[in-house]
Amino acid sequence: QVQLVESGGGSVQAGGSLRLSCAASRYTYSSGAAAWFRQAPGKEREGVAAIATDGSTEYADYADSVKGRFTISKDNAKNIMYLQMNSLKPDDTAMYYCAARVRWWPHGLRPKEEYNYWGQGTQVTVSS
């Protein structure tokens, strides 16, 4: 079965950076769509960044709260998706999850129900 495994979480001070990785097995990032979600205690799981490709064009979309600070990318050869997080804020503290689905369209920050596969999560804690 498909497995997504996140890594790279940790504790940083405000203004710092982290890079999350999501390695996939039995799923290929070269097609389809994938995303990063996060969930803080007591809050709904929210999408922060999404990436999709139709085979020739790659689409990246971001939540307004992370635009300009986070960058989503993928290495098709290694079959790994990344989330580079810069200028981290205490409000970014959450469990971060990667998610994927086979269908690439529609691209954008889609509801979590549209994703078939999920990782186990990696904790990001930002202190002030």
Side-chain angles (χ1 to χ4, degrees):
Q1 66 275 21
V2 171
Q3 273 194 316
L4 303 178
V5 180
E6 302 100 334
S7 60
S11 297
V12 295
Q13 289 194 325
S17 298
L18 284 173
R19 188 177 79 159
L20 306 183
S21 300
C22 180
S25 59
R26 298 189 179 182
Y27 175 84
T28 177
Y29 287 120
S30 60
S31 61
W36 289 96
F37 286 75
R38 67 185 181 187
Q39 188 167 19
K43 293 189 176 181
E44 292 287 319
R45 190 171 298 191
E46 62 172 355
V48 295
I51 191 165
T53 179
D54 62 2
S56 59
T57 303
E58 192 169 273
Y59 305 91
D61 298 275
Y62 299 92
D64 288 343
S65 59
V66 307
K67 204 169 290 183
R69 300 188 297 122
F70 290 12
T71 302
I72 190 171
S73 63
K74 55 190 177 74
D75 184 328
N76 291 334
K78 296 181 179 179
N79 214 26
I80 299 176
M81 180 175 66
Y82 301 100
L83 184 68
Q84 178 66 44
M85 306 186 295
N86 298 329
S87 302
L88 283 161
K89 305 175 182 180
D91 283 349
D92 295 319
T93 295
M95 186 72 79
Y96 283 70
Y97 300 88
C98 61
R101 66 173 198 230
V102 174
R103 190 179 67 182
W104 74 266
W105 57 269
H107 68 88
L109 289 175
R110 306 302 302 168
K112 60 184 183 294
E113 291 78 14
E114 293 191 12
Y115 292 89
N116 308 109
Y117 312 113
W118 290 86
Q120 81 288 351
T122 186
Q123 178 69 37
V124 172
T125 302
V126 184
S127 58
S128 57

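FYI, side chains are in, hydrogens and waters are out, and symmetry mates aren't considered; it's all heavy atoms of this structure.
- No side-chain heavy atom of Val12 sits under 4.5 Å from any side-chain heavy atom of Met85.
- Every residue meeting the side chain to side chain contact (heavy atoms under 4.5 Å, CB included) condition with Ser56, not counting sequence neighbours, appears here in chain and number order: Asp54.
- Following chains of ILVMFWY side-chain contacts shorter than 4.5 Å, one cannot reach Leu88 starting from Phe37, and the two form parts of different hydrophobic clusters.
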Per-pair distances, 0.1 Å, donor-acceptor, side chain in residues 103-112, under 3.5 Å, sequence neighbours excluded:
from   : atom 1 : to     : atom 2 : distance (Å)
Arg103 : NE     : Trp105 : O      : 2.7
His107 : ND1    : Asp61  : OD2    : 3.2
Arg110 : NE     : Glu114 : OE1    : 3.1
Arg110 : NE     : Glu114 : OE2    : 3.4
Arg110 : NH2    : Glu114 : OE2    : 2.9

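- The side-chain contact (heavy atoms from CB on, under 4.5 Å) test with Leu83 singles out one residue from Leu18, Val48, Val66, Val124, and that residue is Val48.
- Ser128 is linked by a side chain to side chain contact (heavy atoms under 4.5 Å, CB included) to Pro90, counting only residues two or more places apart in sequence or in another chain.
- Expressed to the nearest 0.5 Å, how far NZ of Lys74 lies from SG of Cys22 amounts to 12.5 Å.
- Cluster annotation: Val102 and Val2 are assigned to the same hydrophobic cluster (Ile/Leu/Val/Met/Phe/Trp/Tyr, side-chain heavy-atom contacts under 4.5 Å, transitive).
- Both Ile72 and Leu4 belong to a common hydrophobic cluster when Ile, Leu, Val, Met, Phe, Trp and Tyr are linked at side-chain heavy-atom distances under 4.5 angstrom.
- Under a 4.0 Å N-O distance rule, the pair Lys67/Asp64 qualifies as a salt bridge.
- Using a 4.5 Å heavy-atom cutoff, the side chains of Lys78 and Ser21 are not in contact.
- For the atom pair CD (Gln3) and CZ (Arg26), the distance works out to 8.5 Å, reported to the nearest 0.5 Å.
- Side-chain N or O atoms of Tyr97 include none that pairs as donor or acceptor with a backbone N or O of Glu6 at under 3.5 Å.
- Contact of the Thr93 side chain with the Arg38 side chain is not registered, since no non-hydrogen atoms from C-beta on lie closer than 4.5 Å.
- You'll find the side chain of Trp118 reaches within 4.5 Å of the side chain of Arg45, heavy atoms only.
- Of the possible donor and acceptor atoms, one in the side chain of Asn79 sits under 3.5 Å from a partner among the backbone N and O of Tyr27.
- Looking at every heavy atom in both residues, Gly9 comes nearest to Thr122 through N-OG1, 3.1 Å.
- Taking CE of Met95 as the reference point, atom CD of Gln120 lies at 8.5 Å (rounded to 0.5 Å).
- Annotation: side chain to side chain contact (heavy atoms under 4.5 Å, CB included) contacts of Ala34 (sequence neighbours excluded): Tyr29, Ile51, Met81, Ala100.
- Applying the ring pair (Phe, Tyr, Trp, His ring centres under 6.0 Å) criterion to Phe70, with sequence neighbours excluded, gives no partner residue.
- Qualifying side chain to side chain contact (heavy atoms under 4.5 Å, CB included) partners for Ser87, counting only residues two or more places apart in sequence or in other chains: Arg69.
- Shortest non-hydrogen contact noted between Ala94 and Gln123 is O-NE2, 3.4 Å.
- Listed for the Trp36 side chain is a donor-acceptor partner under 3.5 Å among the backbone atoms of Tyr82.
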